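Lettering of chains follows the sequences in order, A, B, ..., and the numbering in each one begins at 1. None of the values given here were measured: they were computed from a predicted structure.
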2 protein chains.
Amino acid sequence: MRADERARKTALYEQFARVGKALANPARLELLDLLAQGERSVEELAAAAGLRVSNTSAQLRVLAGAGLVASRRDGVRIYYRLADQNVSAFTGRVQDFATSRLADAEQAARSYLGDVAALEPVAPDELVRRLNDGQVLVLDVRPEAEYAAGHIPGAVNVPHDQLAARLAELPGGADIVAYCRGRYCVFAPDAVRQLRARGFSAWPLAGGLPDWRHAGLPVTAQASA
Amino acid sequence: MRADERARKTALYEQFARVGKALANPARLELLDLLAQGERSVEELAAAAGLRVSNTSAQLRVLAGAGLVASRRDGVRIYYRLADQNVSAFTGRVQDFATSRLADAEQAARSYLGDVAALEPVAPDELVRRLNDGQVLVLDVRPEAEYAAGHIPGAVNVPHDQLAARLAELPGGADIVAYCRGRYCVFAPDAVRQLRARGFSAWPLAGGLPDWRHAGLPVTAQASA
DNA sequence: AACCTATTCTAATATATTTTGGAATATTGT
DNA sequence: ACAATATTCCAAAATATATTAGAATAGGTT
């Protein structure tokens, strides 16, 4: 191979590796999952991910360098968002890829989430059917800010950490479908377990809001009733 | 968040990051592209990627640790292969992801491959149609070992570096469709340019052998005629 | 203009990865 | 057993990444 051809080939693979490098860090992957819920300021992201602000800023710079996130300034704050919706589809694939072929990853997911399959998750299009039939309450158990940034139309927001105290707000008889940040978010499975323990009929939505979005289903940013 | 919950969450994201880490190095990505052509020994991989054997071995260990490759021993040699076909589909996505959103990556691809679109690549199913009509020669311009490991049925193997010397073997009148390792392999585009310069009617196959495989089309490991 | 706040930048340290050359290991063939 | 060979293992050096604390910057407010 000619020297310049080898150099160009290496340069190309170095470019490909930029994407891998961006995904090579757990903190960055967590930030991407948070950003899949909607745009957030650096400070909010730092708090949600348990990182220092300066570290968060540095990781966001890496993500921006790999073309995964974009930002806008609003006054003194800078809001980051995913560069486009394909990013969350892509990171979802990375996660599924990991859990499907690494025993340790599968076990880590199970240890964190419990046995989600045993809760019989409802697929997005199945939820659509049940909504058309009426008689199902959609419960968004994510933090308020994420609900505000976008949620399933008609969903009621009760953040996971307030659920125990606000059970009285929920209609006793209705079927409840709870959703959260996605396939590897613990909020909805936990909520469903809590609800069932209190006698409710509840299921998690398979895939959370990201999979709902990718199925092309509607998302609204209006406030809840 | 409880401390142990945070620990489990971090553990999960660390597992996800293992996949990213495996993809975070250009040499490893090149090895994956080589392995997408078929299994190869460590020594062969090292030669093809321009790496030392000990380095190749170390990188393969990383890939195996991320569940991307598997190996078998045959006598004194150890042959590595992709863990399954999903791996090459996945790395292909990473590469497309990079070139579609990083200007530098797009430019690196163009600098290495030239303007492939201008050569009017033939899609796999279009090639199938043209094969059914007869009158098209399928040319595999990859190294002999890769051809031997698996090729499009009926394809003739003329490795890219022998093409200039073996033009006489090609029928003057026929349409020629040349293929190589994939979307970011330079062999087929270069071969098509050479052939056109000598008066042949030639096109590259879009996506090379990996995309042909992913389309569910047949691959044979028999020797050529 | 002075002050406040969110974010980025900088420099330093700690940690991880990459690469190399050579020793160790495993298998085959004599 | 011994020699030959492919691969892995090991230790060291070079390089890259992650994280922190605090300084610098930019926009907003008083």
Side-chain angles (χ1 to χ4, degrees), chain A residues 6-7 10-11 13-32 34-35 39-66 68-81 145, chain B residues 6-7 9-11 13-32 34-35 39-66 68-81 104 145:
Chain A
R6 178 74 248 181
T10 299
Y13 279 102
E14 274 167 3
Q15 290 298 320
F16 293 155
R18 288 172 67 190
V19 173
K21 283 184 210 282
L23 304 175
N25 177 281
R28 283 196 292 271
L29 293 176
E30 187 168 353
L31 291 172
L32 288 171
L34 289 167
L35 289 170
E39 66 171 16
R40 303 290 284 269
S41 70
V42 178
E43 202 172 34
E44 288 173 324
L45 289 166
L51 301 172
R52 309 296 174 102
V53 171
S54 58
N55 190 9
T56 304
S57 174
Q59 304 303 354
L60 289 167
R61 191 149 24 90
V62 173
L63 291 172
L68 299 177
V69 306
S71 61
R72 71 179 176 89
R73 181 182 274 276
D74 178 17
V76 79
R77 260 175 266 265
I78 295 181
Y79 288 90
Y80 281 84
R81 63 180 182 278
Chain B
R6 178 74 247 181
K9 187 171 189 171
T10 300
Y13 279 104
E14 274 166 3
Q15 290 298 321
F16 293 155
R18 287 173 67 192
V19 172
K21 282 184 211 283
L23 304 175
N25 177 283
R28 285 196 291 271
L29 293 175
E30 187 168 353
L31 291 172
L32 289 171
L34 289 166
L35 289 170
E39 67 170 17
R40 303 290 284 269
S41 70
V42 178
E43 201 173 34
E44 288 173 324
L45 289 166
L51 301 172
R52 308 296 174 101
V53 171
S54 58
N55 190 10
T56 305
S57 174
Q59 303 303 353
L60 288 168
R61 190 148 26 89
V62 174
L63 291 172
L68 299 177
V69 306
S71 62
R72 70 179 177 89
R73 180 183 276 273
D74 179 15
V76 78
R77 262 175 264 263
I78 295 182
Y79 288 90
Y80 280 84
R81 64 180 180 279
D104 288 349

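Here B:Tyr13 pairs with B:Phe16 under the ring pair (Phe, Tyr, Trp, His ring centres under 6.0 Å) rule; sequence neighbours left out. Applying the salt bridge (Lys or Arg N to Asp or Glu O under 4.0 Å) criterion to A:Arg18, with sequence neighbours excluded, gives B:Asp104. When the salt bridge (Lys or Arg N to Asp or Glu O under 4.0 Å) test is applied to B:Lys9, the partners found at least two apart in sequence or on another chain are A:Glu30.
For D:dA18, the OP1/OP2 oxygens have no side-chain nitrogen or oxygen of A:Arg52 closer than 4.0 Å.
Put simply, CD on A:Glu14 is 15 Å from P on D:dT15, counting in whole angstrom units.
Taking each heavy atom of A:Ser57 and A:Val42 in turn, the nearest pair found is N-CG1, 4.2 Å. The shortest heavy-atom contact between A:Val62 and A:Ala22 is CG1-CA, 4.4 Å.
Along DNA chain C, the stretch of nucleotides lying under 4.0 Å from any heavy atom of chain A spans, 5' to 3', C:dT5 to C:dC9.
Although no hydrogens or angles enter the test, the distance criterion places a donor-acceptor pair under 3.5 Å between the side chain of A:Arg28 and the main chain of A:Lys21. Judged by distance alone, with hydrogens and angles left aside, the side-chain atoms of B:Thr10 form a donor-acceptor pair with the main-chain N or O of B:Arg6 at under 3.5 Å.
Between B:Arg77 and B:Glu44, every side-chain heavy-atom pair lies at or beyond the 4.5 Å cut-off.
Within residues 16-27 of chain A, no residue places a heavy atom under 4.0 Å from DNA chain C.
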Contacts under 3.5 Å, N or O only, protein and nucleotides 5-8 of chain D:
| from | atom 1 | to | atom 2 | distance (Å) |
| --- | --- | --- | --- | --- |
| D:dA6 | O4' | B:Val76 | O | 3.4 |
| D:dT7 | OP1 | B:Val42 | N | 3.1 |
| D:dT7 | OP1 | B:Ile78 | N | 3.2 |
| D:dT7 | OP1 | B:Ile78 | O | 3.3 |
| D:dT7 | OP2 | B:Glu43 | N | 2.8 |
| D:dT8 | OP1 | B:Tyr80 | OH | 2.6 |
| D:dT8 | OP2 | B:Ser57 | OG | 2.7 |
| D:dT8 | O5' | B:Ser57 | OG | 3.4 |

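Separation of atoms CG (B:Leu68) and CG (B:Leu35) is listed at 10.0 Å; rounding is to 0.5 Å. To the nearest 0.5 Å, the span separating CD1 on B:Ile78 from CD on B:Glu39 amounts to 12.0 Å.
The 5' end of DNA chain D is approached more closely, in terms of each residue's nearest nucleotide, by A:Asn55 than by the other of A:Asp74 and A:Asn55.
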